[in-house]
Protein chains: 2
Amino acid sequence: MPPTASPLLEPASAPLRKGELTAIRILVAAESLFAERGYAGTSLRDVAAAVGLRIPSLYNHFKSKELLYAAVLDRVVDPVLDILNGFLAAPVSERPTHAEVIGQVMALLDGHPNLPALLLQETQTGGRRLTPGLRHRLAPIFGRAFETVQATDETGRFEPDEIPLFVLALYHVIVGFHSIAPFYREVSGDDLSTPESRDRQIRFLTRMVEALFEHAPVRS
Amino acid sequence: MPPTASPLLEPASAPLRKGELTAIRILVAAESLFAERGYAGTSLRDVAAAVGLRIPSLYNHFKSKELLYAAVLDRVVDPVLDILNGFLAAPVSERPTHAEVIGQVMALLDGHPNLPALLLQETQTGGRRLTPGLRHRLAPIFGRAFETVQATDETGRFEPDEIPLFVLALYHVIVGFHSIAPFYREVSGDDLSTPESRDRQIRFLTRMVEALFEHAPVRS
DNA sequence: TTGACGAGCGATCGATCGTTAGTTTCAATT
DNA sequence: AATTGAAACTAACGATCGATCGCTCGTCAA
């Protein structure tokens, strides 16, 4: 039992164990590298060098490269799923405006800059390296997102079988915006990662979502 | 000079050179592998095995792995950029409907199933492996897309500095739809790659684009 | 003081990476 | 039939991959 914390406060207070801190340093360094170069493109030598350790020391904290990657993914995705669940679980009566939701999601991604790249790489490989625990959390979140969008589309512009496509489209617009920034800067010269660009994207997303939820005019 | 074709018809008729055909077989196999596993995740052994050759034979046609990858990318992206240029160069008077454009783009992607994955991987790495010739073709295409969207947004729902975000958003929705299919099937059970799903996506995209270009109501 | 243990390291493993050299096969041309 | 060149092969290279072995510290409890 750690001597620095009372048993009751232990989970809330700092963990403070010596090697536990090293594990976190490894996770932080590996997160950036995996996000930038992908799983196959990142070697344990890169990770060890970024942390300032030798390779064998990594194995004191993670049993294999695959498990290190899984730990990185869990550590990043899990808290975001929690927050997302909070958004989607809010009762309809307290539903925030489109602008508020978009602002919160964008702020969430600001706090987790590696998340979009990691998500894209994982979805692109069919989620083959996804932790089982993580995978089983996704389906209900998708389902809740479907219900929320369906309830928000009061005028019924979109048919029920288009709702999942709507959710996927929003996901791709948001995640894609962040992950294409380096490429877009390369080809156009404009930097999408500045605060001004971020605000512009929030403005655009708000207008776009409002347009999609506006009353549909008579069909021809 | 090849003996089978007249000099004038030579570029249009079949090339038919012996090793030229092998090079194409290599390109086809490498394209699928690079799209599925990425550059770092694909070994020349995988490529050779897929073609039915030994590794050194690959070097009779491509001087290195990097050049093979560049050739794969050029071969896939170049004709698509040509077609896209044709779309965007059409005069305003002959502008097709939204549904027509979306249908044509989706048909284009049907003919190049590996394109979305390759594009995503390339944009995610900042286009670091992009051929110079290919890179310089992108900026004018983006520019033309901006002009087209700007001209189509007759009611001025979006401000000029939001037009690039609009183009990027459409790009991400379309490309993301194709590349997330395996993952979405894994987590939800639904297959987005069936013809029915494709048609549903076309229907959704059309409704979405129409909504974005509808007359904006009075702002509050 | 001592013994157990967490956590770092150097050395090294077999496997695989991209790449090259040298040789053989074989069809087309002389 | 002899020649030749492209294109396939076998064999092997050094470098790097993920992973494991002992060893050595420091810390802390007994």
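We name chains A, B, ... by the order of the sequence lines, and we start the count at 1 in each one. All figures in this text were calculated on a predicted structure; none of them were measured in a lab.
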- With no hydrogens and no angle check, do the side chains of Asp191(B) and Thr194(B) hold a donor and an acceptor under 3.5 Å apart? no
- With distance as the sole criterion, is a donor-acceptor pair present between the side chains of Asn60(B) and Ser57(B) under 3.5 Å? no
- Which pairs with one or both residues in residues 162-179 of chain A pass side chain to side chain donor-acceptor pair (under 3.5 Å), sequence neighbours excluded? Glu162(A)-Arg203(B), Glu162(A)-Arg207(B)
Output the rounded distance in Å from [atom1] ([X]) to [atom2] ([N]).
| X | N | atom1 | atom2 | result |
| --- | --- | --- | --- | --- |
| His61(A) | dG18(D) | NE2 | C1' | 17 Å |
| Asn60(A) | dC5(C) | CG | P | 15 Å |
| Glu20(A) | dT27(D) | CD | P | 19 Å |
| Leu68(B) | dC17(C) | CG | P | 15 Å |
| Lys63(B) | dA7(D) | NZ | C1' | 17 Å |
| Arg37(A) | dT16(D) | CZ | C1' | 14 Å |
| Ile26(A) | dG8(C) | CD1 | C1' | 11 Å |
| Lys65(B) | dC17(C) | NZ | C1' | 8 Å |

- Phosphate OP1/OP2 of dA7(D) contacted by Thr22(B) side-chain N/O (<4.0 Å): no
- Message: Any side-chain N or O of Arg45(A) below 4.0 angstrom from OP1/OP2 of dT16(D)?
- Response: no
- Item | Residues which pass ring-ring contact (aromatic ring centres under 6.0 Å, His included) with Phe183(A), listed by chain and number, not counting sequence neighbours | none
- Parallel, tilted or perpendicular for Tyr39(A) and Phe34(A), by the 30°/60° rule? parallel
- What's the verdict on salt bridge (charged side-chain N to carboxylate O under 4.0 Å, His left out) for Arg129(B) and Glu122(B), showing C-alpha distance, side-chain angles and the deciding distance? CA-CA 7 Å; Arg129(B) 272 182 248 277; Glu122(B) 205 49 39; 5.4 Å; no
- Message: Among residues 50-59 of chain A, which ones have heavy-atom contacts with DNA chain D below 4.0 Å?
- Response: Pro56(A), Tyr59(A)
